[in-house]
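Here the structure is laid out as structure tokens; the discussion comes afterwards.
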Amino acid sequence: MMQGTEGTATAVDDVTRRRTHPWAAFRRWRHRRPFGAGLAVALGGGEILLTQRASISVILTAGADSLIGYVMPVIMVVCGLLIVFNPRQRLFYSVVAVLASLASWLTSNLGGFFIGLLLGVVGSSLAFGWDPDQPARARRRWLRRRKAV
């Protein structure tokens, strides 16, 4: 009898440990928002910023034409972060991010040599298509198996 209660206590401790583990909490937080989409948009903007190699003094003397090359990727990074941290407004942010990504093609070395442009467009498309009310995958798989039987 005593052995059964120890096994149950161990199982309860394992469940409690999994729920309170920081990575488990991060995983639950990440799955409730379009994390991959926002990350792709932010990485695309960061990559475009890294391809801009002029110093700020050159940019300020060159005028607004060269300054816009830095504004578009900054908008992309901000939209990527807002997609992750404010998923309710993801539709607006994804439209702004795709427009900034496409504008970076003209303003920022062909959109960071196409890598940042593609990351921004794909991330914004994923954010636009993300469905917050979608059931968990394991649950859907279990329901399909149950209906088949």
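Reckoned from all heavy atoms, side chains included, excluding hydrogens, waters and symmetry mates.
- Pairing each heavy atom of Arg90 with each of Pro34, the nearest pair is CD-CG, 4.4 Å.
- In the hydrophobic cluster analysis, where Ile, Leu, Val, Met, Phe, Trp and Tyr join through side-chain heavy atoms closer than 4.5 angstrom, Leu119 is grouped together with Phe35.
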Leu110 vs Leu117, side-chain contact (heavy atoms from CB on, under 4.5 Å): CA-CA, chis, key distance, verdict: CA-CA 8 Å; Leu110 296 174; Leu117 170 76; over 6 Å; no
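- For the atom pair CG (Leu43) and CG (Leu50), the distance works out to 10.0 Å, reported to the nearest 0.5 Å.
- Annotation for Leu126 and Ala37: closest pair CB-CB, 3.7 Å, computed over non-hydrogen atoms.
- Proximity of a side-chain donor or acceptor of Ser124 to a complementary backbone N or O of Val95 within less than 3.5 Å is not detected.
- With rounding to the nearest 0.5 angstrom, the CD1 atom of Ile75 is 10.5 Å from the OG atom of Ser101.
- In this structure, the ring of Phe85 has its center no less than 6.0 angstrom from the ring center of Tyr93.
- Phe92 CZ: 12 or fewer foreign heavy atoms inside a 6.0 Å radius.
- Contact between Cys79 and Val96 at its shortest, heavy atoms only, is SG-CG1, 3.6 Å.
- Closest heavy-atom contact between Gly69 and Gln52: O-NE2, 3.5 Å.
- Annotation: the span from Ser108 atom OG to Ile48 atom CD1 amounts to 6.0 Å, rounded to 0.5 Å.
- Distance check, rounded to the nearest 0.5 Å: CE of Met72 to OG1 of Thr107 gives 6.0 Å.
- Annotation: the span from Arg27 atom CZ to Arg32 atom CZ amounts to 13.0 Å, rounded to 0.5 Å.
- The two residues Ala97 and Val41 come nearest to each other via the heavy atoms CB-CG1, 3.8 Å.
- In this structure, the separation between CD1 on Ile83 and CZ on Arg33 is 12.5 Å, given to the nearest 0.5 Å.
- The hydrophobic cluster containing Val98 also contains Phe114, counting ILVMFWY residues as joined when their side-chain heavy atoms lie under 4.5 angstrom apart, directly or transitively.
- Both Leu81 and Trp29 are part of a single hydrophobic cluster, where members link through side-chain heavy atoms under 4.5 Å apart.
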